[in-house]
Amino acid sequence: MARLKFSPQYIVLLAFTALVAAPLTAPGYFMFAHDARHTVYFMQMFDAALRDGALYPRWATDMVFGYGYPVWLILAPLPYYAAEFFHLLGLDFPAAIKAVEIGAWFASASGMYWFASRVMDRNAGLVAGVAYLLAPYHVVDLYVRGAMPEFLAFVFPPFVLWAIYQIFSTRRAFYVPLAALAYGGMILTHVQMTVLFSPVILGYILVLWWSDRRQT
């Protein structure tokens, strides 16, 4: 059984993560990515709605030629809350968004490392973490598509799977709310990714249940 303490493998994983996140430390924002301008625009309107007293913003007042549009009845709000946190610390909108994206790189790689290390060992965790980090769609999602919410949704699947594995392997109810929190975070980050990933969660639960049943 893998013990998830700080290890040389994790140092290597952090080095890969710093490498892939390095472009985000450059000045400005990559505005020619597909959705990059929309992300900054939505962030500005989210901040304006919060400052107007809407603790759960739904209405983007500047859209549709100033008539407004209920953007956050469609888009999940958690990525914008996260960016707002950094904006309140003094960063401008592009820098706040990039700070969240850098955090997402580290969180997604760490989550996959922890999950694979728990199921197999640390070396397998390192391979899985780097593979998840450098998966072509994962990289393209940020640097080509500029799809910040969808990119942030990659953080949660490893944590959901890790919590489910812990439920079956330890029989401790403590991990049930952790699984729920990770799944809820994914819903509040990107609904479409949650819909796509939910069959994987169900399949993983069935595999663990069947394996557990065969051993008893």
Side-chain angles (χ1 to χ4, degrees), residues 17 20-109 111 135 137-160 177-198 201:
T17 307
V20 76
L24 294 172
T25 63
Y29 198 64
F30 41 100
M31 287 298 189
F32 290 103
H34 300 171
D35 291 342
R37 296 183 183 182
H38 298 83
T39 300
V40 177
Y41 184 42
F42 291 159
M43 186 63 233
Q44 181 271 326
M45 289 185 289
F46 192 84
D47 174 74
L50 285 174
R51 293 180 185 278
D52 285 341
L55 298 181
Y56 190 145
R58 293 172 176 82
W59 195 259
T61 56
D62 294 334
M63 291 192 68
V64 194
F65 304 103
Y67 288 100
Y69 193 79
V71 170
W72 291 284
L73 291 180
I74 303 169
L75 300 182
L78 188 57
Y80 302 96
Y81 280 114
E84 182 68 18
F85 170 78
F86 288 102
H87 180 60
L88 293 176
L89 291 179
L91 299 181
D92 61 20
F93 293 125
I97 292 168
K98 290 199 294 183
V100 173
E101 292 166 345
I102 290 173
W105 275 127
F106 282 92
S108 60
Y137 188 80
H138 197 183
V139 178
V140 167
D141 214 19
L142 178 61
Y143 291 127
V144 177
R145 298 190 63 239
M148 188 262 285
E150 183 177 311
F151 171 74
L152 264 60
F154 277 89
V155 170
F156 297 98
F159 290 104
V160 174
L178 294 183
L181 285 172
Y183 188 74
M186 188 162 52
I187 293 174
L188 292 173
T189 299
H190 197 265
V191 175
Q192 294 90 331
M193 279 286 285
T194 306
V195 172
L196 291 173
F197 187 67
S198 292
I201 297 174

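Values reported hereafter were calculated over all heavy atoms of this structure, with side chains retained and with hydrogens, waters and symmetry mates removed.
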For the [atom1] atom of [X] and the [atom2] atom of [Y], what is their distance to the nearest 0.5 Å?
X	Y	atom1	atom2	value
L188	L181	CG	CG	10.5 Å
E84	F93	CD	CZ	7.0 Å
E150	L75	CD	CG	12.0 Å
Y41	M63	OH	CE	6.0 Å
I97	F86	CD1	CZ	12.0 Å

So [Y] and [X], do their side chains get closer than 4.5 Å, heavy atoms only?
X	Y	answer
H138	V20	no
R145	F151	no
Y80	M45	no

Cationic tip of R58 above Y69 ring, under 6.0 Å, 45° of axis = no

Check each of L142, T189, L78, D141 against L152 using the side chain to side chain contact (heavy atoms under 4.5 Å, CB included) test, and report the only one that passes.
-> T189

Go through the steps for F85 and V100 under the test side chain to side chain contact (heavy atoms under 4.5 Å, CB included), then give the verdict.
-> CA-CA 9 Å; F85 170 78; V100 173; over 6 Å; no

Side chain to side chain contact (heavy atoms under 4.5 Å, CB included) between F197 and H190, intermediate numbers included | CA-CA 11 Å; F197 187 67; H190 197 265; over 6 Å; no

For [X] against [Y], the heavy-atom pair lying closest together:
X	Y	answer
G111	P158	C-CB, 3.4 Å
V155	A104	CG2-O, 3.6 Å
T39	G146	OG1-O, 3.5 Å
A96	H87	CB-N, 3.7 Å
W72	A60	CZ3-CB, 3.9 Å
F156	A182	CD2-O, 3.4 Å

Side chain of [X], backbone of [Y]: donor and acceptor closer than 3.5 Å?
X	Y	result
Y143	F30	no
K98	P23	no
D35	H38	no
T17	W105	no

Derivation of the side chain to side chain contact (heavy atoms under 4.5 Å, CB included) call for M148 and M43 = CA-CA 11 Å; M148 188 262 285; M43 186 63 233; 5.7 Å; no

With a 6.0 Å cut-off on ring centres, are F46 and Y81 close enough?
-> yes

Show the numbers, then the answer: is there a side chain to side chain contact (heavy atoms under 4.5 Å, CB included) between R37 and Y29?
-> CA-CA 9 Å; R37 296 183 183 182; Y29 198 64; over 6 Å; no

Does a side chain donor of either Y183 or T194 reach within less than 3.5 Å of an acceptor in the other side chain?
-> no

Would you call the rings of Y137 and F154 parallel, tilted or perpendicular if under 30° counts as parallel and over 60° as perpendicular?
-> tilted

